[in-house]
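Because the structure is predicted, anything quoted here is derived from the model rather than measured.
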2 protein chains.
Amino acid sequence: MPRRVRSDGERSRKVIVDAAARIATVEGLEGLSIARVAAATGMSKSGVFGLFGSKQELQMAAIDEARSVFVDQVVRPALQASEGIERLSALCDGFLDYVRERVFPGGCFFASVAAEIGPRPGELRDRIREEQKLWVGLLTENAQRARKAGQLPAGTDPRQLALELSAMLTGADIAFLLHEDPRIIEGVRKAIRERVGR
Amino acid sequence: MPRRVRSDGERSRKVIVDAAARIATVEGLEGLSIARVAAATGMSKSGVFGLFGSKQELQMAAIDEARSVFVDQVVRPALQASEGIERLSALCDGFLDYVRERVFPGGCFFASVAAEIGPRPGELRDRIREEQKLWVGLLTENAQRARKAGQLPAGTDPRQLALELSAMLTGADIAFLLHEDPRIIEGVRKAIRERVGR
DNA sequence: CCTACCGATCGGTAGG
DNA sequence: CCTACCGATCGGTAGG
């Protein structure tokens, strides 16, 4: 039985990026040290290092992994709902569930990392900016369709609504982690439900 | 002319905690290293260490300083407005100004530190929790008075409103720092103005 | 307040 | 993928 090319390396890589994304939500992207990831996965430091080539590449790989988890947990399920107000609601509810269920131990990966890296220019920040824009763009797009379909209160600005929802969701994540109180999640869920008028 | 007791130490302490609070908003409370504070203030590492006795004491002193700045910049000015809806608005506007004007280089000290330390149990988190509760309590109190005075839409729950406002303000801070776009601050300001109905 | 130092941990390299 | 190591930086200590 022939050994498949790069099979072991790919398996190790998957284990590592999974651990890295989880660690980053608690310790931050800066605290995502190669040694910590090595300890969490039972590999040697240089084994981890060798698979990525630099700390920054490991950080970028953790972002890739987190994006994939976010799409699976929040975006894809909402695509079942029809475009417009229903999908907009499903995206917000999905986000709140993903935070509350602790898909990552430190809450939303992107909220956590945005707060850390926001004031620090560099390639990591540029990357997080782009991910955040995609998310707000998805909310905006569905708010626009909802407005055109007459599903929102008259005079609602879709971009403004998306900004508001995005800010409230990020704020909910941070407050929930700090206080460990699910009533914060449910309170924000209720606020959003009333805001989008359903 | 007699040398005043502890005068020099007090002056050094003030310079250090000021630098420490600023550094923490960019590098985090964990990244608030004694060496970094020493470099920023021109002191030796052990000089800084000696004045506080441990890294955690330095972190706690930075929190004290940030609290004092927050009260001066956000809370005290709002006390000029009368209790209820006016003060509630003034607190939110003051918060957004304090973020936008970069009183701290990394935005709101408490938002930044809450996001970092939220998932890490310990004395620092307990302290940040208490500060956050005081802030939400201040918002709640004014929302309650506003409701009793009939200044809010019927059926508004004051605690719910305070939670919403607090989440939106934290979210605005983080998004503003990430994108460096003041339209985010102004968009959230507008959303809040409409939410409190004035 | 300083210099000089400690052991631990960091990112990264050498060599296999 | 590993062991063994490098220089830099960390929190903290000794001694003054």
Side-chain angles (χ1 to χ4, degrees), chain A residues 2-24 26-63 113 116-117 120 122-125 127, chain B residues 2-24 26-63 113 116-117 120 122-125 127:
Chain A
R3 183 179 177 280
R4 272 174 299 167
V5 175
R6 291 179 56 213
S7 164
D8 288 0
E10 280 170 15
R11 202 174 302 122
S12 293
R13 216 189 130 89
K14 173 67 183 135
V15 169
I16 290 168
V17 297
D18 183 87
R22 294 175 60 81
I23 290 170
V26 176
E27 310 291 344
L29 276 182
E30 199 59 43
L32 181 65
S33 75
I34 293 171
R36 222 183 299 238
V37 172
T41 57
M43 287 182 66
S44 72
K45 242 180 65 179
S46 76
V48 173
F49 182 86
L51 279 169
F52 297 90
S54 73
K55 180 177 183 178
Q56 184 166 306
E57 282 309 308
L58 173 61
Q59 291 168 321
M60 288 290 190
I63 297 172
V113 162
E116 177 191 5
I117 218 138
R120 301 193 216 161
E123 290 174 34
L124 290 170
R125 183 176 74 167
R127 172 69 194 280
Chain B
R3 186 177 174 280
R4 271 173 301 166
V5 175
R6 291 181 57 214
S7 163
D8 288 0
E10 280 170 14
R11 201 174 301 122
S12 293
R13 216 188 130 89
K14 173 68 182 135
V15 168
I16 290 168
V17 295
D18 182 88
R22 295 175 59 82
I23 289 170
V26 175
E27 310 291 343
L29 273 183
E30 198 59 43
L32 181 65
S33 75
I34 293 172
R36 222 183 299 241
V37 173
T41 56
M43 286 181 67
S44 71
K45 242 181 65 180
S46 75
V48 172
F49 182 86
L51 278 168
F52 298 91
S54 74
K55 180 176 183 178
Q56 183 166 307
E57 282 307 308
L58 172 61
Q59 291 167 321
M60 288 289 190
I63 297 172
V113 162
E116 177 191 4
I117 219 137
R120 301 194 216 161
E123 290 175 34
L124 290 169
R125 183 175 77 166
R127 174 67 195 279

A/Glu116 side chain vs A/Leu29 backbone, donor-acceptor pair below 3.5 Å: yes
B/Ile23 versus B/Ala40, closest heavy-atom pair with distance: CD1-CB, 4.0 Å
Closest approach of B/Phe49 to B/Ser54 (non-hydrogen atoms, all atoms of both residues): CE1-CA, 4.0 Å
Closest to side chain of A/Ser46, choosing from C/dC10, D/dC2, D/dC10: D/dC2
For A/Glu123 against A/Gln56, the heavy-atom pair lying closest together: OE1-NE2, 2.8 Å
Touch class at under 4.0 angstrom, heavy-atom based, for B/Ser33 against every strand present: sugar-phosphate
Base D/dG12 to side chain B/Lys55, donor-acceptor N/O within 3.5 Å cut-off: no
Separation of D/dC10 P from B/Ile23 CD1 (nearest whole Å): 11 Å
Minimum-distance pair of heavy atoms, taken over all atoms of B/Ala19 and B/Thr41: CB-CG2, 3.8 Å
For the student: nearest non-hydrogen atoms of A/Met43 and A/Ile16, plus distance: SD-CD1, 3.4 Å
Rounded distance (Å) that lies between atom P of D/dT9 and atom CD of B/Glu30: 18 Å
Rounded interatomic separation in angstrom, taking CZ from A/Phe49 and P from C/dG15: 16 Å
Smallest separation among heavy atoms of A/Arg120 and B/Glu27, with atom names: NH2-O, 3.6 Å
Atom-to-atom span, CG of A/Leu51 to P of C/dG12 - whole angstrom: 15 Å
For atom NZ of B/Lys45 and atom P of D/dA8, their distance in whole Å: 14 Å
Identified stems (criterion: three or more consecutive Watson-Crick or G-U pairs, under 3.5 Å), DNA chain C: C:1-16 with D:1-16
Rounded distance in Å - CG (A/Leu32) to C1' (C/dG12): 16 Å
Nearest-Å distance for atom pair CD1/C1', residues B/Ile34 and D/dG12: 7 Å
Separation of atom CG in B/Leu58 from atom P in D/dG11, rounded to whole Å: 9 Å
Selection from C/dG12, D/dG12, D/dC2 that lies nearest to any side-chain heavy atom of A/Met43: D/dC2
